[in-house]
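Written out below as C-alpha cells is the structure these notes cover.
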Amino acid sequence: MNEPLLTLTNVEKHFPQSNGFLKPAAAPVRAVNGISFSIAEGETTALVGESGCGKSTAAKLITSAITPSAGKITLRTRDGNILDVGSLRGRARKALWRDVQLIFQDPFSSLNPRMTVKQIIAEPLRNFDIAHGQEATDLVADLMDRVGLQPGTMSRYPHAFSGGQRQRIGIARALAVKPRLVVGDEPVSALDVSVAAQILNLFQSLKKDLGLTYLLITHDLSVVRHSADRVAVMYLGNIVEENTTAALFKSPRHPYTQALLSAVPSQDNQDKPRIVLTGEVASARNIPTGCPFHPRCAYATDVCRLTAPTFEQLPTGGRVACHTPLEFMP
Amino acid sequence: MSNALSHESAALKAYAEASGWRLGWAKFRRHKLAVVSLYIVGLLYLLAIFAEFFSPYDYSDINRRHVLAPPQAVYVVDASGQFTWPHVRALKGQRDPVTRRLNYIEDPENTFPVRLFAPSKPYKMWGFIPLETRFIGVSTPNRQASIFLLGTDSLGRDVLSRIFHGARISLSIGLVGVALSFVIGIILGGMSGYFGGWVDTIVQRTIDLLQSLPTIPLWMGLAAAVPPGQDPLVTYFMITVILSIIGWTGIARVVRGRFLALREEDFVLAARFSGASEMRIILRHMVPSFASHIIASLTLSIPEMILAETALSFLGLGLQPPAVSWGVLLKDAQSLQVISQAPWLLVPGLAVVITVLAFNFLGDGLRDASDPYGKV
C-alpha cells in the first residue's frame, strides 16, 4: 500500500467561549476531540456523522481555513515532501490550496453574486499565476465543459444558474488549480435528489479522469454508499468506527454506526427493526466521561461510563472504538 | 452544442449577463417615488450650480422701493379679460394712514410681460463668466418693472433669487459633510469590522459616546470655538467639520456591519482558497458587494446634514449674513411679527422640506436597489 496522501494524528480543535466582559469564561466547545485517520491517494473517504459532531470543523482544519488546537495534519506534496498543514502561514498556506480545495455546501453563498462565471473560475488561475488573458479564458471554457456547463454561458452571472449548475461552477473553480485532494463539505445536501445524483456521478467521472482523491463530509449514508471507498463515523468530535464502505455497511461493529445505518431506508432492511436512539447528543462543551456515546448506548456497561475505549483493529481492515463491539456478521 | 443557447431569447441573455449594478438599476426604476425624487434632486442641484443664471436678480440687490413686497402673481389674462402673453403687474406702494405700514397693490393697467432669457444688468457667473442674460425676467428696463415671484425681504431683496443662491451652500454642505464623514466612517468602520477585537471595542464605544452627546449643545460649543469674523469659506468648512464629527458614526456602523456580515460569507472563504490576497479579498470580493449599501446610506445621511446646517444657521451659530444659506434665510423669519406680515419669508423652509423628502425617497429607492439579489 502506498503512503497516505493526508494523515491526521490526534487532531483537536477547541473553540474557547467568552461570555463577554466580566463574566467567567464558559467551557470551550470541543468540536474535534483527537481524531486520527489517513486518506490514501485515489481513494474516496467519507466522514459521516450527525449535525454538530465536528465533521465540518474537520473539513476546515484539513483545508487550513482554521488551525488545530493540538495534533498534526500532514499532506504529502507532489514532490514527496511532507507538509505540516496545521502550522502553515501566509505564502505557504496559499501554496497548500494548489493541492487541497474545498467544495462548499451552499451553492448560493459560495459564489460571489457580483462576478461573472468566467471571473469566478478564472480567479484561482489569476491568483496562482496559472494562466492569464486568452489562455485563462480557454482554460475556463475547458473546465466548464468538463463539469457539464456550456462554455458559452461564461459571461453570465450566478443568478442565472440553478442550484445544481452553481454547484458545478464551484467544482470548476476548485478544479482550476488541479488539486490532488478535494474536500466536499456536504456538497450535495442542498440539492434535489436527482441533481445530487448527477453531481455525485460527476465526482466519480472527474476522479477517474483527473486522478483525484476525495474527502466527502456528509450526513447522508446513501451518498456514502454510492461514492465512498472508506468511511469514518464521527460522534461528538471522535471517530468511533472506520472501515471500507462494503464492510461497514454489511456489518457495523459500533452501536452508533448500527443505529445510523438502521435509519437509512432501503429495500433489504425493511423487516429489520429500526434502532431509535434515546436522548439527545451531549453538548460539545460537556462531553460525557468514558465513551462519549455511553448515555445513549443500549449496550453500555460500567466500563463504558468510566474509561474511554481505544481502537481495536478489525479483521476486515477497519477499526472500532468500543468496549462491547457488536458481533461480526459475515 | 450551442443550439440550446440560440433558442434562448435575447432578453433572457441580457438578464443572465446583467451585472449587479444593472439589476439594481432595474429594481430602482420600479420605485416610482425614488425616480421622481432623483429628477427633483437633479433639478435642485442644477438650480444651485447655475444660481446666477436662474435667479431673476442678484441675491444681494437691495430694492428700496419694494421692501417686504408680497409675491407677484403671473397673469395670463389682462384687465379686459383677454388671454395674453404671461405678464406681471407693477406694484404700487401705499402707506397705511393709521399704522404707517407700507402696503403694495398691483396695478392692472401697468403690466410687464415675463420673458425667458431676458436681458439684464451685466453680472458674472461663478464670479468670472460675464453674462447679460437671465433665465427669467421682465423685459422693460423700467424702474417700476419688477418680478418678485416669492416676494422680497426687509431690505427689498428677491426671496427667490436668495433661495437659489442659498441652495448652493445648503445643498453642497450636505455633499461635503457626507464626503468627510464617509472618509472617516469607512476607515474607522472598516477597521472595526475587519480587525474586530479591541479595535472594534474602542471604535464602537467611541461611537456610542458621540451618539449620546446632545447634538445642539455640542454644536453650540464647537461653533463658539470657531473664531468669529472669519472668511465665510472658512466658517463653511468649520461647519462641515462640526457636522461630520457626529455624521461619521452612522456610516461607520453601516460599514462595520457589512464587513462583519460579508466576512462570514462562503464566497469570501472561497476567494481565500482561490489564492486571493487580503487586499484583493477586500477590494475585489467584498467592496463591490457593499458599495451600493454605502451609497444608499450616504444618500440617506445627506438630508440630516442639510437639516443640521439649517438648524445651526437658524440659531445663529452657523453661517452669518452676508453669506446665504436656507438656514440664514429662515433666520429672517424668526419673529412672529415678520411671519404674520410677510409669510413668504418662510418659503426657504419649503425648499428644505422638498429637498429632505426628495433625498429620503431617493435613499429609500437606492437602499431597495442595493441588494438586487434579495427577494422583492
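Every chain is numbered from 1, with letters handed out A, B, ... down the list of sequences. Predicted model only: the values in this text are computed from it and were never measured.
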Within 6.0 angstrom of A:K60 NZ, more than 12 heavy atoms from elsewhere | no
Considering non-hydrogen atoms only, spot the tightest contact between B:D266 and A:S109 and give its length.
-> OD2-OG, 3.3 Å
Separation of B:R284 CZ from A:E123 CD (nearest 0.5 Å) | 7.0 Å
Atom CG in A:L111, atom CD in B:E265: separation rounded to 0.5 Å?
-> 11.0 Å
Test log, rule side chain to side chain contact (heavy atoms under 4.5 Å, CB included), inputs B:L23 and A:Y157 | CA-CA 11 Å; B:L23 291 178; A:Y157 284 83; over 6 Å; no
More than 12 non-hydrogen atoms from neighbouring residues, nucleotides or ligands closer than 6.0 Å to CZ on A:R91, yes or no?
-> no
Criterion side chain to side chain contact (heavy atoms under 4.5 Å, CB included) against B:F273, the qualifying member of A:V177, A:L102, A:V183 = A:L102
A:W97 vs B:R272 side-chain heavy atoms within contact, under 4.5 Å | yes
If you tally heavy-atom pairs under 4.5 Å against chain B, which of A:S155, A:A174, A:A95 wins?
-> A:S155
What distance separates B:L269 CG from A:I66 CD1, expressed to the nearest 0.5 Å?
-> 10.0 Å
Above 12 or not: heavy atoms from other molecules or residues under 6.0 Å from CZ of A:R93?
-> yes
Check: B:S274 main-chain N/O paired with A:N127 side-chain donor or acceptor under 3.5 Å = yes
One option among A:R98, A:M115, A:Q119 has the most heavy-atom pairs under 4.5 Å with chain B, and it is A:M115
Would you name the heavy atoms of B:S289 and A:R114 that are closest together and state the gap between them?
-> CA-NE, 3.5 Å
For chain B, the option from A:P113, A:P158, A:G170, A:S64 that forms the most heavy-atom pairs under 4.5 Å = A:P113
Neighbour count above 12 (heavy atom, 6.0 Å) for A:K72 NZ | no
